[in-house]
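Lettering follows sequence order; numbering is per chain, from 1.
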Amino acid sequence: MAILIVAEHDNATLKGATLHAVSAAAQIGGDVAVLVAGEGCQAVADEAAKVAGVAKVLLADNAAYGHQLAENVAPLVAELGKDFSHILAPATTTGKNLLPRVAALLDVGQISEIVAVEGADTFKRPIYAGNAIATVKSLDAIKVITVRGTAFDAAAAEGGSASVEAVGAAHDAGKSRFVGEEVAVSERPELTAARVVISGGRGMGNGENFALIEKVADKLGAAVGASRAAVDAGFVPNDMQVGQTGKIVAPELYIAVGISGAIQHLAGMKDSKVIVAINKDEEAPIFQVADYGLVADLFEAVPELEGKL
Amino acid sequence: MKVLVTVKRVLDYNVKVRVKADQTDVDLTNVKMALNPFCEIAVEEAVRLKEAGIASEVVVVSIGPKAVQEQIRTALALGADRGIQIETDAMPESLSVAKLLAKIVEDEKPGLVILGKQAIDSDNNQSGQMLAALTGMGQGTFASEVKVEGEEVLVTREVDGGLQTVGLKLPAIVTTDLRLNEPRYASLPNIMKAKKKPLDVKTPADLGVELRAHTELLKVEPPAERAGGIKVASVEELVEKLKNEAKVI
Ligand SMILES: Cc1cc2nc3c(=O)[nH]c(=O)nc-3n(C[C@H](O)[C@H](O)[C@H](O)COP(=O)(O)OP(=O)(O)OC[C@H]3O[C@@H](n4cnc5c(N)ncnc54)[C@H](O)[C@@H]3O)c2cc1C
């Protein structure tokens, strides 16, 4: 067996999500190659070559791949992927955008967001917002899979010494162009990788009030998340949404503030090790999953919490 | 420009699904079914494009047994012009769905195809990207803004790092995210009118598509339950528990 992993990166550094996919690949078993497709991304390839368990790095450095446009990258992955039994990518927005296009080009299905490897062709994945876990067996010759990062430990970033091989093929489908981006910059840890996450919901009332939980986050070295309602209301940007259709997090400590606990929100955080809920409604469903529930007005409880940390 | 929208019949998003005792699948008997929320957003966007004079016609397509006509009628009540049902009792997998839709695209030649980014049952997030691959079109997935400008559609996408805007040559594929729009409610007169709008029925065989299985469902289990927690009486107690019992701070 041979496994091709599509690296997640920004042309400068390898993203941690890739390391979780490497661990999933190790559980499947076989030689692991990592594809770095981008522009001016040699440093990423060098980083990938050091990851424990990676045997080979394929580097496709071309202007057409600079912004990871699926129209251009998918034909490359499909072409290289023919020599592999499995093609994996992290279940990030980049991986989710790209991999189904690859699968269709190869005329195979895709298994999305696996959370466990049961065998080389059998995997577990959540369905119905995580209210059921399906065990599915792939019937295709090439298995195309996205990997949920929180379900697999990160492979060691150091310890490997893979060869880096340039792949020549360049595809510019001419169907799409990158226009621009608004990237959130934050000093805080990344939501999906943080040890502690504190999230605010509609109960926060407005965007300014998020400062209350940001102060707690600063004391705990936590990332700040949000419910859909808080994002929809414009309190905070979309990249902070936790849930079925936002980010999936599983920190050691998750603190939900002014969040009711809709199934779509729970889908994104209920695998956290310890869950704390602060809500003034004692009937709020979030208390059913909370290890520690505090029925209180957040505008009193959160500043008090900050003071006691 | 014609806009094609796809809709899927799924369980209502408020319903917490249960797993069958024999663990063969989830139990959908007597469960309330509805239009997939992301598909509803897709329909709304198409209708708005029509209202803005950009789309000339909105065609809605759904795949499934006769019951999916209910969701097609819902879309027609929201403002779509005509419907197509691709009748099958099987629950086709994403690649088969994309193959069926690719045939409809070939026949209808829409300028834009709008799909939901995922269905809340399978949570796959695949069909739009697969359809884009099969038709060779550009794809604007997870859209929070769609602007048609000349021969191009500008799509702002919700990505992990924030927002990204891409320009796609028309015809193109768009998949919707939650914040693209807020769907309207269908008015009673529009629900009545929708009953008279044309609805074509085709079969996969009519379209020359053979439905293939790419996966086998071996088992469906409930997720691990969390052990019940406790209520703490004060912030002080909370901090004490987190420090000394859970040892996470
Ligand atoms: C297709 C689909 C996908 C979705 N995806 C997601 C997703 O990915 N993530 C997500 O989060 N949601 C998602 N949702 C939305 C979800 O169904 C809920 O609507 C949402 O999670 C509610 O957010 P909330 O808990 O902040 O708001 P509410 O449900 O309005 O809850 C607010 C809570 O704040 C409490 N509160 C108010 N004031 C105070 C106060 N002063 N002190 C203490 N507590 C207070 C209230 O008691 C209440 O429990 C999705 C929905 C659909 C249909």
Exercise for review: Look only at the side chain of B:Lys231 and the backbone of A:Val295, and say whether a donor-acceptor pair between them is shorter than 3.5 Å.
Suggested key: no
Point to revise | Polar side-chain atom of A:Asn131 near backbone of B:Pro222 as donor-acceptor pair, under 3.5 Å | key: no
Check your understanding: Do A:Val196 and B:Val248 have side chains that get closer than 4.5 Å, going by heavy atoms?
Key -> no
Review point. B:Glu158 versus A:Thr93: any side-chain heavy-atom pair under 4.5 Å?
Key: no
Review point. So which residues of residues 118-128 of chain B are in contact with chain A at a heavy-atom cut-off of under 4.5 Å?
Key: B:Gln118, B:Ile120, B:Asp121, B:Ser122, B:Asp123, B:Asn124, B:Asn125, B:Gln126
Point to revise | Close approach to chain A in residues 95-111 of chain B, criterion heavy atom under 4.5 Å | key: B:Leu95, B:Lys99
Testing the basics here: between [X] and [Y], what is the closest heavy-atom pair and its distance to 0.1 Å?
X: B:Pro223; Y: A:Gly130; result: CG-O, 3.3 Å
X: A:Asp239; Y: B:Gly162; result: OD1-CA, 3.7 Å
X: A:Arg101; Y: B:Gly136; result: NH2-C, 4.1 Å

What part of [X] lies closer than 4.5 angstrom to a heavy atom of chain A: side chain, backbone, both or neither?
X: B:Leu238; value: side chain
X: B:Val15; value: backbone
X: B:Val26; value: side chain
X: B:Val232; value: both
X: B:Arg157; value: side chain
X: B:Tyr13; value: both
X: B:Leu11; value: side chain
X: B:Glu236; value: both
X: B:Ala233; value: backbone
X: B:Leu154; value: side chain
X: B:Val17; value: both

Study note, to complete from the structure: For A:Lys96, the side-chain hydrogen bond (donor to acceptor under 3.5 Å, both in side chains) test, sequence neighbours excluded, returns A:Glu113
Practice item. Count the heavy atoms belonging to other residues, nucleotides or ligands that lie under 6.0 Å from CZ of B:Arg226, then report whether that count exceeds 12. Key: yes
Exercise for review: Check step by step if side-chain contact (heavy atoms from CB on, under 4.5 Å) holds for A:Lys175 and B:Leu168.
Suggested key: CA-CA 6 Å; A:Lys175 298 282 180 191; B:Leu168 309 172; over 6 Å; no
**Study point:** Residues A:Asp107 and B:Arg212 bridged, charged N to O under 4.0 Å
**Key:** yes
Review point. Would A:Gln241 and B:Arg179 count as a side-chain contact (heavy atoms from CB on, under 4.5 Å) if you check the C-alpha gap in whole Å, the side-chain angles of each, and the deciding distance to 0.1 Å?
Key: CA-CA 12 Å; A:Gln241 182 177 316; B:Arg179 280 164 285 276; 2.7 Å; yes
Review point. Of all the residues in residues 302-309 of chain A, which have a heavy atom that comes within less than 4.5 Å of a heavy atom in chain B?
Key: A:Glu304, A:Leu305, A:Lys308, A:Leu309
Review point. Measuring from A:Thr245:OG1 to B:Leu178:CG, what's the distance to the nearest 0.5 Å?
Key: 4.0 Å
Check your understanding: Hey, what do you get for OG1 (B:Thr165) to CD (A:Glu181), rounding to the nearest 0.5 Å?
Key -> 9.0 Å
Exercise for review: Carefully, step by step, assess A:Thr135 and B:Glu221 under the rule side-chain contact (heavy atoms from CB on, under 4.5 Å).
Suggested key: CA-CA 8 Å; A:Thr135 304; B:Glu221 305 157 89; 3.9 Å; yes
Practice item. Take B:Gln129 and A:Gln110, measure what side-chain contact (heavy atoms from CB on, under 4.5 Å) needs, and give me the verdict at the end. Key: CA-CA 11 Å; B:Gln129 296 88 316; A:Gln110 174 180 301; over 6 Å; no
